[in-house]
Peer 1: 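I'd like to ask some things about the structure below.
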Number of protein chains: 2
Amino acid sequence: MAMDALLDLPQLRTFYTLAQVGSFTACARRLGRTQSAVSHAMAKLEDLAGVLLLDRRSRGLDLTEEGRRLYQACEQAFTTLDAAAEDLKRHQTQARGRLRVGATVEFGSSILMRHMQPFLAANPDLEIDFTLSQDLLAPLLRDDLDLVIDCVEHPLPVLKKAPLFRETYVVACAPAFRKAHRLRVPADLSRCPVLSLDKAGAWWNRFLVAVPDRDQPHLDRFIAVNHVRAMIHAAAEGMGALLVPRYSVLEELERGDLVALFPSIRPTEDRFSIYQKKVKAAQEKQKLLTRYLQSLSPAEFGS
Amino acid sequence: MAMDALLDLPQLRTFYTLAQVGSFTACARRLGRTQSAVSHAMAKLEDLAGVLLLDRRSRGLDLTEEGRRLYQACEQAFTTLDAAAEDLKRHQTQARGRLRVGATVEFGSSILMRHMQPFLAANPDLEIDFTLSQDLLAPLLRDDLDLVIDCVEHPLPVLKKAPLFRETYVVACAPAFRKAHRLRVPADLSRCPVLSLDKAGAWWNRFLVAVPDRDQPHLDRFIAVNHVRAMIHAAAEGMGALLVPRYSVLEELERGDLVALFPSIRPTEDRFSIYQKKVKAAQEKQKLLTRYLQSLSPAEFGS
DNA sequence: CATAGCCATGAATTATATTCATGTCTCATG
DNA sequence: CATGAGACATGAATATAATTCATGGCTATG
């Protein structure tokens, strides 16, 4: 018996995650893909299996009888494999030496720093420096940095790029602010102050390009605040509307300190990647950090 | 913990097969890929794992300590998944109706027929007709056939193509024949009779194109035999050299009735595919047969 | 009944795996 | 030893598959 290409492994993995989180969209976020990708994958899996695995009728997504059986098998199998993979990692050579890491200011200060501790602990002989800055490419090229996490594209042949995660943005403001300014559509922003990371307001472009022409607001009352956390506090106090990475205001949205505006408008996303010089990317310490970062994104970063 | 893209599933599957069969080349054959593909896959897996999994020093390919542990996990996981997949198949709807299958004469008569019994037994309400012929495309297009297994390319937009397996060819003759004609290099074939499926000798082209110019034989003593099995018997009796699919003479080679000639020359391979009209490929009975055939190739077909 | 959330889908694109065409190395053999 | 066959590696080209993009449909909800 051949029994080989009976089921597609990556699709099974997606199915497993989907069954755990209970929604295509959530599964996509967890895996760092789009909802569409998950949908396509499940369609193919069901086609290959020849049976429906998901019950899409009800809210909240059920598994069919067959789906449930398959899920149990997945659980056992993937638990085993993950444990084995974990095990492999443990026996990896520890890195030594020094590693100079660069990252964007917002990402570096809020997200990156909160997740480096386990890596540092696992590699006590590795000295790591962090440099948070807007300009990361130049220092990387002149070897002042070894590894850089950035959201702007650097398509240079000497650089190796490894995708990390995707960052989505939201427009939000204090609930009272929305009432006061009667914010219904993007055009309503014309009348009210908006918080921007830069004085010129270029910060808002990622939002504006996603707004259809007839709804375009004419933003002119900018309040410049060159610090994301500060912007968030200002917005919560009702100083203006803001545009920020979704992850940075999850708590505020949860608590109701801020409300999301215009949910149907999706500002352009940032794709964060790891950049390294190809020659140095082969070094054990750089590979180790790369793998570590990739292992926790996007579930930890994304949102 | 994310624990997701830690190890690549398809590569793990390859690793598992590789460990079972003990050789890159054999693993490739089993999976219907090239040796190169297996090599690339294992290189990537080891890179991702950060540890060597294979011990390439000795003959016969060992696993390292880490490799052995990983293998055990794979065994458990894939056994589970395969069982679940098996299970899914069992509960598939049986096909009903009629299915008219076409195939090339040699493949159809020798291989296909030997593997259809389980499928027929599993689908008692399905009538299947087999048509073995050289010309398969025309009947398929005019709906005299529903599904066709062929080794010539039919790149038509109305047809759906599903790869099945790869067929390799060997040149062989009786041991005594080799001695008698002192067959050392392809050019030596000029002096002796060769068996051909057609009178003109076009049959031998797949061999000739693989021979470097300076070794080109000038074949002219053709013995035409329009039946592969008959050709094999003729060759075993020392009537001439023959060119046939490897699988068709495995036993003869094993027993020593025939010996392979010029092992360094690799005649062009045939890639067998299933062709169906796209509109009809969606029918349950056609999908069922397609999946069945794919599930037993190439391990059963290939060689 | 307009909207937001959730999933499906076809076409275009991107990423990835595979092949092709070599090269290297080792083992067996005359 | 020289030679050739077998087995694996490797870089570039290519084929294949996965993913995104840009939609559209459906269903609850206020």
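Protein chains get the first letters and strands the later ones, always in sequence-line order, with residue 1 at the start of each. Just so you know, these numbers come straight off a predicted model, no measurement behind them.
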Peer 1: Kindly write out the residues that satisfy salt bridge (Lys or Arg N to Asp or Glu O under 4.0 Å) with A/Arg266, not counting sequence neighbours, or none if the list is empty.
Peer 2: none
Peer 1: Only counting residues at least two apart or in another chain, list the ones meeting salt bridge (Lys or Arg N to Asp or Glu O under 4.0 Å) with B/Arg178.
Peer 2: none
Peer 1: A/Asp215: what forms a salt bridge (Lys or Arg N to Asp or Glu O under 4.0 Å) with it, not counting sequence neighbours?
Peer 2: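 Partners of A/Asp215 by the salt bridge (Lys or Arg N to Asp or Glu O under 4.0 Å) criterion come out as none, since no residue qualifies.
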Peer 1: Mind checking what makes side-chain hydrogen bond (donor to acceptor under 3.5 Å, both in side chains) contact with B/Ser23, not counting sequence neighbours?
Peer 2: none
Peer 1: If the sugar-phosphate is the primed atoms plus P, OP1 and OP2 and the base is the rest, what is the B/S/- string for nucleotides 12-24 of chain D, using protein heavy atoms under 4.0 Å?
Peer 2: B-----SBBB---
Peer 1: Could I get the full list of ring pair (Phe, Tyr, Trp, His ring centres under 6.0 Å) partners for A/Tyr16, not counting sequence neighbours?
Peer 2: A/Tyr71, A/Phe78
Peer 1: Checking A/Glu254 now: which residues fulfil side-chain hydrogen bond (donor to acceptor under 3.5 Å, both in side chains) with it, not counting sequence neighbours?
Peer 2: none
Peer 1: Ignoring backbone atoms, test whether B/Ser39 places a side-chain nitrogen or oxygen under 4.0 Å from the OP1 or OP2 oxygen of D/dC8.
Peer 2: no
Peer 1: Can you sort out the partners of B/Gln11 under side-chain hydrogen bond (donor to acceptor under 3.5 Å, both in side chains), two or more places apart, ordered by chain and number?
Peer 2: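 Result, side-chain hydrogen bond (donor to acceptor under 3.5 Å, both in side chains) vs B/Gln11: none returned.
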Peer 1: Can you run down the ring-ring contact (aromatic ring centres under 6.0 Å, His included) pairs that involve residues 17-54 of chain B, sequence neighbours left out, and say none if there aren't any?
Peer 2: none
Peer 1: Tell me, what's DNA chain C's dot-bracket, Watson-Crick or G-U with both distances under 3.5 Å, | for other-strand, [ ] crossing?
Peer 2: ||||||||||||||||||||||||||||||
Peer 1: Please enumerate all residues that pass salt bridge (Lys or Arg N to Asp or Glu O under 4.0 Å) together with B/Lys179, with sequence neighbours excluded.
Peer 2: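 Per chain and number, B/Lys179 pairs via salt bridge (Lys or Arg N to Asp or Glu O under 4.0 Å) with no residue.
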Peer 1: Report each atom pair, protein N/O against N/O of nucleotides 26-30 of chain C, whose distance is under 3.5 angstrom.
Peer 2:
unit_1 : atom_1 : unit_2  : atom_2 : d
C/dC27 : O4'    : B/Arg59 : NH2    : 3.1

